[in-house]
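What follows is a single structure, written as structure tokens, with notes after it.
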Amino acid sequence: MSIKENQDSIRVRFAPSPTGYVHIGSLRTALFNYLFAKHSGGKNILRIEDTDQTRKVEGAVENLIKVMGSLGIEFDEGPIQGGNYGPYYQSQRLEIYRKYCDELINNGAAYYAFETPEELDEMRRLQQLEGRQTMYDGRARNLSEDEVRDKLQKGMPHVIRLKVPADREIRFTDAIKGVIKINSNLIDDQILLKSDGFPTYHLANVVDDHLMNITHIIRGEEWITSVPKHILIYEALGWHAPEMAHVPLILNKDKSKLSKRQGDVAVEDYLKKGYLKEALINFISLLGWNPGEGEENEFYSLDELCKIFTLEKVQTSGAVFNPEKLNWMNNYYIKNYDIDRLIELSLPYFKNSGISSSDDIKKILSAIRVYLNKLEEIPIHLKIFIQEDITPEPASLKDLLENDDSKKIFSALKSKIEKLDFVNAENYKQAVSEVQKETGVKGKNLFKPLRIALTGSENGPELPLIAEILGKEKILKFLGKWI
RNA sequence: GGUCCCAUCGACUAGGGGUUAGGUCGUCACUCUUUCACAGUGAAAACACGGGUUCGAAUCCCGUUGGGACCGCCA
């Protein structure tokens, strides 16, 4: 495929820095990029922004690709699958950035600066003290060519900064927010190239988005204030900036930016707890986006989302992440999931229960899935199926088992069950109704003691079902205890 | 503090000049199921405020207030 053809089609990128786990906000950004690309038949590209050597985390990229992949978000180009615009690690593109930096220096859009981090800290401290804006004061702008050459020759550590022009109004149109204007006097002389030779985000993302033919930048709102800097770089290099779409943030309950302090933010955590990928994707897609036009359905598969997703329907304001609604949605998916697929996903949670018969697992899971907000809750519902002795909980329920009527029922049922070869839901029900006739005990007085005697609890799934799973031997044992 | 962004029930949102302001989660009540849950029905619950524009503003404009993001040799 020629580059020319590519220019016509939509290309978006997800550009995370590999700092470890995958943030819920990152997932949403990646999702929107993916949906936008798929919706328009474009390409979804993964680019790793690893220009901060101090923040690199081993295995983070592999983890990210794994997590995204497990949720169904795939990339057409990226560090693993390659592509015509690589390399897709920014750390492997250093010469490229260097080259464009030189170009910026040569055309007067950037300059060398030699302050140490300590000097800059001091400068900011003073500015703060005076109640002024903390901002690079442009002191290195005044260095003469000779001074610069001299310092360079001496091998002094240096950075390259963007020379932001004065008194200009920078404006751009954001696909979500509309027209945004800012005066250039408020823009810092941003560092483009760090003293370790690595570019900053600002330079690297501009260069790469251009070189990789990115047509639309879809990213979090936190980037919106640095767009003007990027515009200046595009201009200085004679390039057109891609379309921009800044999606609103996902928020904590207190409306601040979603953060670790206030709950789980790692997608891995949600997966580990047994949130289904379909539910996660569905729920996240509805955070800051909706199909609109009075559409009241809230359940969408990834494929359906690809069909109906548009940037126009992305919200302008932030969305609070509501775990309760996620639970509700996950429960819905669990209840309606193909049972065999659900069993597969649930197996790890049966591991230490001693329940291994696939028949039993299927029966139990069918009975308890309605209670599950997430798969990790399975073990707490397993107790009634695996306990060897019954201790009523709360203890006060014990009284109900020790009255005369109850004892009468238990004895009657026990002798019925003893005659059975095996117990299933049907013959259990039959036996109980016979007990009812014989003893004259009925209604609550019949069913409640039985439930407590068999499970230790006053509520739970249907009793005949439980009886079938418990089996003859256990039922006899449990009934016998109270006679 | 400066700049930028934002503003419909507690939360997610529909609606964007004339609506009884609709739906979902959550909450509450009732029904169903001899339990709980599920399901069903119903209820309480919102256009931040003030000015314009208009016959008419939740909707358009301005301001106020409130919230958020950003202000690093981090992304």
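Protein chains get the first letters and strands the later ones, always in sequence-line order, with residue 1 at the start of each.
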Take A:Q430 and A:E434 through the side chain to side chain donor-acceptor pair (under 3.5 Å) test and state the conclusion after the steps.
CA-CA 6 Å; A:Q430 180 63 31; A:E434 283 167 22; 3.1 Å; yes
Can you tell me, in whole Å, how much space there is between the P of B:C71 and that of B:C38?
45 Å
Considering only heavy atoms and no angle criterion, is a donor-acceptor pair shorter than 3.5 Å present between the side chain of A:T225 and the base of B:C70?
no
Among the nucleotides B:G2, B:C73, B:A11, which one has an atom lying closest to any side-chain atom of A:L186?
B:G2
Tell me what A:E295 touches on the nucleic acid: a base, only sugar-phosphate, or nothing, going by heavy atoms under 4.0 Å.
nothing
Partner of B:U35 under the Watson-Crick or G-U wobble criteria, both distances under 3.5 Å, comes out as none
Measuring only the C1' atom in each nucleotide, how far is B:G10 from B:A46? A whole number of Å is fine.
10 Å
May I ask you to verify whether the side chain of A:Y371 and the base of B:C36 hold a donor-acceptor pair under 3.5 Å?
yes
Between the base of B:C71 and the side chain of A:Q133, is there a donor and acceptor pair under 3.5 angstrom?
yes
5' priority, RNA chain B, between A:P16 and A:L249 [closest heavy atom]
A:L249
Give none if B:A7 has no partner; otherwise give the nucleotide forming a Watson-Crick or G-U wobble pair with it, both distances under 3.5 Å.
B:U65
Roughly how many Å is it from NE2 in A:H381 to C1' in B:C38, rounded to a whole number?
13 Å
Complementary nucleotide for B:U27 - Watson-Crick or wobble, under 3.5 Å:
B:A43
Under 3.5 Å, is there a donor on one side chain and an acceptor on the other for A:D208 and A:Y88?
no
Could a donor-acceptor pair under 3.5 angstrom be found where the side chain of A:Q436 meets the base of B:U34?
yes
Can you tell me how far P in B:A14 sits from the matching atom in B:G72, rounded to whole Å?
35 Å
Is the base of B:U24 touched by the side chain of A:K325 through a donor-acceptor pair closer than 3.5 angstrom?
yes
Scan A:L463 against the nucleic acid and name what it touches under 4.0 Å (heavy atoms): base, sugar-phosphate only, or nothing.
nothing
B:G16 and B:U54, which share atom name P, separated by this distance in whole Å
23 Å
Does the pair A:K177 and A:D174 meet the rule for a salt bridge (Lys or Arg N to Asp or Glu O under 4.0 Å), with working shown?
CA-CA 5 Å; A:K177 307 280 187 180; A:D174 185 271; over 6 Å; no
Hey, can you tell me if A:F309 and A:F32 have their rings parallel, tilted or perpendicular (30° and 60° cut-offs)?
tilted
Give a yes-or-no answer on whether the side chains of A:D405 and A:T439 include a donor-acceptor pair shorter than 3.5 Å.
no
Which nucleotide in the list B:C6, B:C38, B:A69 gets nearest to the side chain of A:S317?
B:C6
Counterpart base for B:A14, defined by Watson-Crick or G-U wobble contacts under 3.5 Å
none
If I take atom CG in residue A:L251 and atom P in nucleotide B:C5, what distance separates them, rounded to the nearest angstrom?
18 Å
When rounded to whole Å, the CG to P distance for the pair A:L287 and B:C25 reads 16 Å
For atom P, what is the distance between B:G66 and B:C30, given to the nearest Å?
43 Å
Quick one: look up who B:U53 pairs with, Watson-Crick or G-U, both distances under 3.5 Å, and put none if it's unpaired.
none
Nearest-Å distance once atom C1' is located in both B:U31 and B:G68:
44 Å
Could you tell me how far apart A:N373 (CG) and B:C36 (P) are, to the nearest whole angstrom?
18 Å
Would A:R161 pass as a cation-pi partner of A:Y136, given that its NZ or CZ must be under 6.0 Å from the six-membered ring centre and within 45 degrees of the axis?
yes
When you measure from the side chain of A:T134, which nucleotide among B:G23, B:C5, B:C71 comes out closest?
B:C71
Take atom C1' in B:C9 and the same atom in B:G15, then report the distance between them in whole Å.
15 Å
Across all strands, who's sitting opposite B:C71 as a Watson-Crick or G-U wobble pair, both distances under 3.5 Å?
B:G1
Assuming nearest nucleotide by heavy-atom distance, tell me which of A:H202 and A:K253 is located more 5' along RNA chain B.
A:K253
Rounding to an integer number of angstrom, what distance separates B:U3 and B:G63 when you compare their P atoms?
13 Å
Can you tell which of A:F283, A:Y21, A:F321 makes a ring-ring contact (aromatic ring centres under 6.0 Å, His included) with A:Y270?
A:F321
